[in-house]
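Before any comments, here is the structure.
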2 protein chains.
Amino acid sequence: MTDTIRPTRTTASRYGGRPTMKDVAARAGVGLKTVSRVVNGEEGVSPDTGRRVQEAITALGFRRNDSARVLRKGRTASVGLVLEDLADPFYAPLSRAVEEVARLHGALLINGSSTEDPAREQELVLALCARRVDGLVIVPAGDDHRYLAPEIAAGVATVFVDRAPGLIESDVVLTDGFAGAREGTAHLIAHGHRRIGFVGDQPHIQTASERLRGYRAAMADAGLPVHEPWITLGPTDPARVTAETWRLLAGPEPVTALFTGNNRVTVTAVRVLAASGRRVALVAFDDFELADLLSPAVTVVAQAPAQLGRTAAELLFRRLEGTEQATQRLTLPTRLLPRGSGELPPQD
Amino acid sequence: MTDTIRPTRTTASRYGGRPTMKDVAARAGVGLKTVSRVVNGEEGVSPDTGRRVQEAITALGFRRNDSARVLRKGRTASVGLVLEDLADPFYAPLSRAVEEVARLHGALLINGSSTEDPAREQELVLALCARRVDGLVIVPAGDDHRYLAPEIAAGVATVFVDRAPGLIESDVVLTDGFAGAREGTAHLIAHGHRRIGFVGDQPHIQTASERLRGYRAAMADAGLPVHEPWITLGPTDPARVTAETWRLLAGPEPVTALFTGNNRVTVTAVRVLAASGRRVALVAFDDFELADLLSPAVTVVAQAPAQLGRTAAELLFRRLEGTEQATQRLTLPTRLLPRGSGELPPQD
DNA sequence: ACCACTGCTGACAACGTTGTCCAGTTACGA
DNA sequence: TCGTAACTGGACAACGTTGTCAGCAGTGGT
């Protein structure tokens, strides 16, 4: 008995019973292609036939299988976004902005968090390529993106955001972290500070090292020496940052001001400053909610994460629409928002 | 001349030049199926052949087309998440948790923000169904989900989170907003407050009305009257919440304490309280970053958004693995975190 | 020498959709 | 009345992959 194997079926059975166009066609008594025409709103179907087909569609609960459509058409109407951590208050609005632009172009967003791990970044990106996303927006974790070369050659539009790609040519949208950090640090110097601590992220992260460069540049501009112990770089986990911040505040010649390199570092540093009871000035890179309500309110060098995401997504879709110009590198400025903490005078 | 039409091709040409298994097979001098076997790590390929195929794969930069695979296999290894706003500090960790669980199950996450618009929720959900996601996690915006019936019947696993679905049976994971709001309000009453304001979200949102119910229950428990002007419900935009909060603080018998219904409302209310200079007690539903650093630190009824997401995702994958038990309704408890603002005594 | 068996390999169909092309029907002017 | 154009509908192939099955060599036992 083999008659139960591969029976020709007219009733839906796979996908737990998902009807196909064939099923709809059978029910409406029309041809397959006619159903396709109705589903896609193509012309050339009489109103009467159209109505019969529509009825069959609702009766069966038919939904077009986009996988098959993609296979046939070659476009998926979806873009991928890979970033460090979707829940990070800096990246969440960025992601949201990309989603919004994608929606305007009728595309869905698939995203993944790399957790700052280059291997995972690559894994995610390639998984997205396997799904044939039309384009990719990437906040890179690694610094070697040669693995993307075949994909880009195959036509996957790619835009990097917040950090530049490594060993590969591509569109990039960045924030000017160097200028921002320089301005923020200069602000502290202008308020009389000479011993300024820098609490940053891991040095191999581009944005982190750019900001450090800005700090050094501002100090150099003012002719101030930088004592290396004033600088602490590394993972942003609260334990490390707490310990290091305390260290900067201790000793015979403690820092009188802090420049914090990103929002995660900032919240931890703020906690330490509050606990220490010292009036240490603070300028933070990256704005955060309620910064204005702390006492003192926190002076920040604000980035525009949503604008970053929007710009990148728009660039991506411009590429998808066929722009063939050379790859671009856009840089968005930061904005210094004085709120109080950055204007505290030095206290020795 | 029609010989340029539909030429049989051995070299890749579509997708901007993406090689297929056929191309790999040709280059390696083997059959199509053998390439498939190698790509999927199936056994039954001699080491020598396997090596030749691997070389061809890397030489051509081949990447399996998952769309075609999905079409053939019926499973996409992707799940959809629809929520209100990805960038909301409450939903971001929820989303992240779902992503994490999905990753453990080898699935990707596709998400969309409904912006609290039922039509957009439906549009997104159906788009995800058309892509044949294996399952859906939904934070509903609407209150009628009958449109999902055919999808669920067709085998799309569905779990609702944070709010229950309408007119449909499904798994749900909720936070006990009623109990949480009741406890928070009771906390204020225990500290001597009699006139307590409630600043909430739009009343048609389940979580909002549940929390209001909890507030009323606590007042009733204590035998206290509720004056309706103490209650304000509506959109959470800062303008409205600011105006309404000022209103609650005005008049001959102003409230001496506030209960705020969600994190967006809370930050606005905190701003107003700070600006007013009044010592009004505050208990907020939903924890938020830096709540402990404000002065006074904000007492909150904390939810566990990540746990909510994780629980929902785990339930989803249990379904996908074939659990056939009746639909479940899980409720997670809240936790009252006294920090100062909720323990202020009444000041008239 | 033959057979049974095992281990590799490839031909072929099918997944559900869309593009191409052709056939049938109707309407209209010559 | 016929020819022709306009319109409607359907048969068929193709997209790139995987499941089924059959064939082919090599091996070992009789």
Side-chain angles (χ1 to χ4, degrees), chain A residues 2 4-10 12-26 28-53 57 60 62-77 130-132 154, chain B residues 2 5-10 12-15 17-26 28-53 57 60 62-77 130-132 154:
Chain A
T2 60
T4 58
I5 295 177
R6 264 194 283 144
T8 304
R9 66 193 179 75
T10 46
S13 67
R14 261 176 53 113
Y15 287 115
R18 257 195 194 288
T20 71
M21 285 194 179
K22 198 163 144 193
D23 301 314
V24 175
V30 301
L32 188 53
K33 183 62 214 232
T34 300
V35 177
S36 172
R37 275 194 268 260
V38 172
V39 169
N40 294 298
E42 290 171 32
E43 53 184 12
V45 178
S46 72
D48 186 48
T49 311
R51 208 173 320 115
R52 274 217 321 288
V53 172
I57 287 176
L60 294 173
F62 167 81
R63 192 95 51 213
R64 180 179 62 197
N65 185 331
D66 273 358
S67 293
R69 174 168 224 254
V70 160
L71 179 59
R72 188 63 231 256
K73 306 204 71 153
R75 277 280 172 119
T76 56
R131 310 230 164 180
R132 295 296 187 267
Chain B
T2 60
I5 295 177
R6 263 193 282 144
T8 303
R9 66 194 180 73
T10 45
S13 69
R14 259 176 56 110
Y15 287 114
R18 258 193 192 289
T20 71
M21 284 193 178
K22 198 163 143 193
D23 300 315
V24 175
V30 302
L32 187 53
K33 181 65 211 218
T34 300
V35 177
S36 172
R37 275 192 269 259
V38 172
V39 169
N40 295 297
E42 290 171 32
E43 54 184 10
V45 178
S46 73
D48 187 47
T49 312
R51 207 172 320 115
R52 274 216 320 289
V53 172
I57 286 177
L60 294 175
F62 167 80
R63 194 95 52 210
R64 179 178 65 197
N65 184 331
D66 274 358
S67 294
R69 174 169 225 251
V70 159
L71 180 59
R72 189 63 231 257
K73 305 203 72 151
R75 277 281 172 117
T76 57
R131 309 232 164 179
R132 297 296 189 267

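Lettering follows sequence order; numbering is per chain, from 1.
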inquiry  = Would you say B/Asn40 places a side-chain N or O within less than 4.0 Å of OP1 or OP2 belonging to D/dT18?
reply    = yes
query = What integer distance in Å separates B/Arg69:CZ from C/dA14:P?
reply = 21 Å
task = Provide the closest heavy-atom pair for A/Thr76 versus A/Arg131 in the form atom of the first, atom of the second, distance.
result = CG2-O, 3.6 Å
inquiry  = Which heavy atom of B/Arg132 sits nearest to which heavy atom of A/Arg64, and what is that distance?
reply    = NH1-O, 3.4 Å
ask   = Does a side-chain heavy-atom distance below 4.5 Å link A/Arg37 with A/Val53?
value = no
query = Is the phosphate of D/dG19, meaning OP1 or OP2, less than 4.0 Å from a side-chain N or O of B/Lys73?
reply = yes
remark   = note: A/Arg64, atom CZ; C/dC15, atom C1'; distance rounded to Å ~ 17 Å
query = Minimum heavy-atom separation for B/Arg52 to B/Val30, with atom names?
reply = NH2-CG1, 3.4 Å
task = Specify the separation, in whole Å, of atom CE of A/Met21 and atom P of D/dC12.
result = 19 Å
key: A/Asn65 and A/Thr20, any side-chain heavy atoms less than 4.5 Å apart   = no
query = If you fit an axis to the five pairs at each end of the helix from C/dA1-D/dT30 to C/dA30-D/dT1, how big is the angle between those two axes, to 10 degrees?
reply = 60°
query = Which whole-number value in Å describes the distance from A/Glu42 CD to C/dT20 C1'?
reply = 12 Å
key: Phosphate OP1/OP2 of D/dG16 contacted by B/Arg18 side-chain N/O (<4.0 Å)   = no
message = If I take atom CZ in residue A/Arg72 and atom C1' in nucleotide D/dT17, what distance separates them, rounded to the nearest angstrom?
response = 16 Å
note = Between CG of A/Leu71 and P of C/dG19 the distance, given in whole Å, is 13 Å
So which protein N/O to nucleotides 8-11 of chain D N/O distances come out below 3.5 Å?
residue, atom, partner, partner atom, Å
D/dG9, OP1, A/Ser46, OG, 3.4
D/dG9, OP1, A/Thr49, OG1, 2.2
D/dG9, OP2, A/Ser46, N, 3.2
D/dG9, N7, A/Arg37, NH2, 3.1
D/dG10, OP1, A/Gly31, N, 3.2
D/dG10, OP2, A/Gly31, N, 2.3
D/dG10, OP2, A/Thr34, OG1, 2.9
D/dG10, N7, A/Arg37, NH2, 2.9
D/dG10, O6, A/Arg37, NH2, 3.4

message = To check you understand the geometry: which heavy-atom pair defines the closest contact between A/Ser67 and B/Val70, and what is its length?
response = OG-CG1, 3.1 Å
query = In whole angstrom, what separates B/Asn65's CG from D/dC15's P?
reply = 12 Å
inquiry  = How many whole angstroms separate atom CZ of A/Phe62 from atom P of C/dG16?
reply    = 10 Å
